[in-house]
Number of protein chains: 2
Amino acid sequence: MVNSRFSVAIHILSLIATTSDKSQLTSDYIAGSVNTNPVVVRRMIGVLKKAGLLTSQTGIAGYDLLVEPKDLTLLAIYQAINGPEQLFAIHDEPNPDCTVGRKIQCTLEGVYTSVWHAMEEQLQAQTLQDVLDQLR
Amino acid sequence: MVNSRFSVAIHILSLIATTSDKSQLTSDYIAGSVNTNPVVVRRMIGVLKKAGLLTSQTGIAGYDLLVEPKDLTLLAIYQAINGPEQLFAIHDEPNPDCTVGRKIQCTLEGVYTSVWHAMEEQLQAQTLQDVLDQLR
DNA sequence: CAAACCTGTAACTATAATGGTTACAACGGG
DNA sequence: CCCGTTGTAACCATTATAGTTACAGGTTTG
């Protein structure tokens, strides 16, 4: 199972998008909604900030989205967190003296690429706004 | 990143499907091709056996597929290993007193279900035979 | 200015997953 | 019987994950 960071990120971004009173929107408050630690929240927000999805200012409560929810795809969020990392791991150094071992890595990469493309399409098709609509 | 078990399973099944001399096909030999430990191989084979993909007999070298490579989808292999497990984790117990927290789990499940379906289709569309063809 | 907030980040910890390893019981074939 | 094999339990090392403490530095308010 993949870790829960993607879930936490979507939760955080949803809160930022829907909370009108910015002074209320502290890492402590967000942590209370997500049910985790404020530092975990700030750490995740740091990642999303680096990816250009939001801004914040040291010392001041509140965060601002830099992308409209309707323009923020789940794929963009996913990539902000995981980078270009492969989804499935391939075992290291299979035996090159074996017909299977020699070509298995390359073959699996092809398989995983097609699987990943299918996921990508789904993530691209859904935006933060879609999530917000379902949270109503 | 997801663990490498799926990759290892496909590798093992490919070897079983392509090795004609069964007395050669020991867990030790397979481990040599995969580049891992014989026990890791036997452990994985135990899982695949429980799922009904192959047979073996204590004390005798060799394994036999119970499903023709052309009928063995990568989805079947994936499910043999991972069961019905969700792909993405969702964080526990978000705050029910919060509009977002209250409905985020349900919403994310919907999102992940659509993503998983897309993956499923890709895995269903490819068989072990397709993999074997690419290993040539 | 001082106190009370906040963010940003480093560092440490506990827990769990993963894969490798040793060990051994049980089986089969020469 | 003897040797090689499968099937498993048990243990270990490594790593990822998330939680936590601590603190530097910014902001606001009285």
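Order of the sequence lines sets the chain letters (A, B, ...), proteins ahead of strands, with each chain counted from 1.
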| note | Contact check, residues 77-100 of chain A vs DNA chain D, heavy-atom distance under 4.0 Å, returns none
| task | Check salt bridge (Lys or Arg N to Asp or Glu O under 4.0 Å) between D64(A) and all other residues, then give those that pass, not counting sequence neighbours. | result | K22(A)
| request: Using the test side-chain hydrogen bond (donor to acceptor under 3.5 Å, both in side chains), find all partners of T26(B) that sit at least two apart in sequence or belong to another chain. | output: none
| task | Using a 4.0 Å cut-off on protein heavy atoms (strictly under), produce a 5'-to-3' string for nucleotides 20-30 of chain C with B for base contact, S for backbone-only sugar-phosphate contact, and - for none. | result | BBBB--BBS--
| field | From L74(B) atom CG to E120(B) atom CD, the distance as rounded to the nearest 0.5 Å | value | 12.5 Å
| query | How would you give the extent of chain A contacts on DNA chain D, as first and last nucleotide 5' to 3' within a 4.0 Å heavy-atom cut-off? | reply | dT17(D) to dT27(D)
| query | With sequence neighbours left out, what residues match T58(A) under side-chain hydrogen bond (donor to acceptor under 3.5 Å, both in side chains)? | reply | none
| field | N35(B): side-chain hydrogen bond (donor to acceptor under 3.5 Å, both in side chains) partners, not counting sequence neighbours | value | none
| query | Residues in side-chain hydrogen bond (donor to acceptor under 3.5 Å, both in side chains) with K49(A), at least two apart? | reply | S56(A)
| query | Is there side-chain contact between T73(B) and L123(B), with heavy atoms separated by less than 4.5 Å? | reply | no
| Side-chain N or O of K49(A) closer than 4.0 Å to phosphate OP1/OP2 of dT7(C) | no
Donor-acceptor pairs under 3.5 angstrom involving side-chain atoms of residues 102-113 of chain B: please list them, not counting sequence neighbours.
unit_1	atom_1	unit_2	atom_2	d
R102(B)	NE	P96(B)	O	3.0
K103(B)	NZ	R136(A)	O	2.8
Q105(B)	NE2	H91(B)	O	3.3
T107(B)	OG1	K103(B)	O	2.9
Y112(B)	OH	S7(A)	N	3.4
Y112(B)	OH	S7(A)	OG	2.8
T113(B)	OG1	E109(B)	O	2.6

| Tell me, do I30(A) and L25(A) make a side-chain contact under 4.5 Å, heavy atoms counted? | yes
| task | Kindly state each residue pair satisfying salt bridge (Lys or Arg N to Asp or Glu O under 4.0 Å) with at least one member in residues 25-40 of chain A, sequence neighbours excluded. | result | none
| Heavy atoms under 4.0 Å, any strand shown: does K22(A) hit a base, just sugar-phosphate, or nothing? | nothing
| said: Does anything in residues 27-66 of chain A form a ring-ring contact (aromatic ring centres under 6.0 Å, His included)? List the pairs, not counting sequence neighbours. | reply: none
| said: Rounded to whole Å, please give me the gap between CG in N3(A) and C1' in dA17(C). | reply: 12 Å
| query | Does S4(B) make a side-chain N or O approach to OP1 or OP2 of dG19(C) shorter than 4.0 Å? | reply | yes
| task | Under 4.0 Å from any atom of DNA chain C, heavy atoms only: list the residues of residues 24-32 of chain B that qualify, in numerical order. | result | none
| task | Using the six-membered ring wherever Trp is involved, compare the ring planes of W116(A) and Y78(A) and label them parallel, tilted or perpendicular (cut-offs 30° and 60°). | result | tilted
| task | Classify the nucleic acid contact of K50(B) as base, sugar-phosphate or nothing, counting any heavy atom under 4.0 Å across all strands shown. | result | nothing
| note | When rounded to whole Å, the OH to P distance for the pair Y63(A) and dC6(C) reads 10 Å
| Value rounded to 0.5 Å, distance of CD in Q134(B) from OG in S14(B) | 10.0 Å
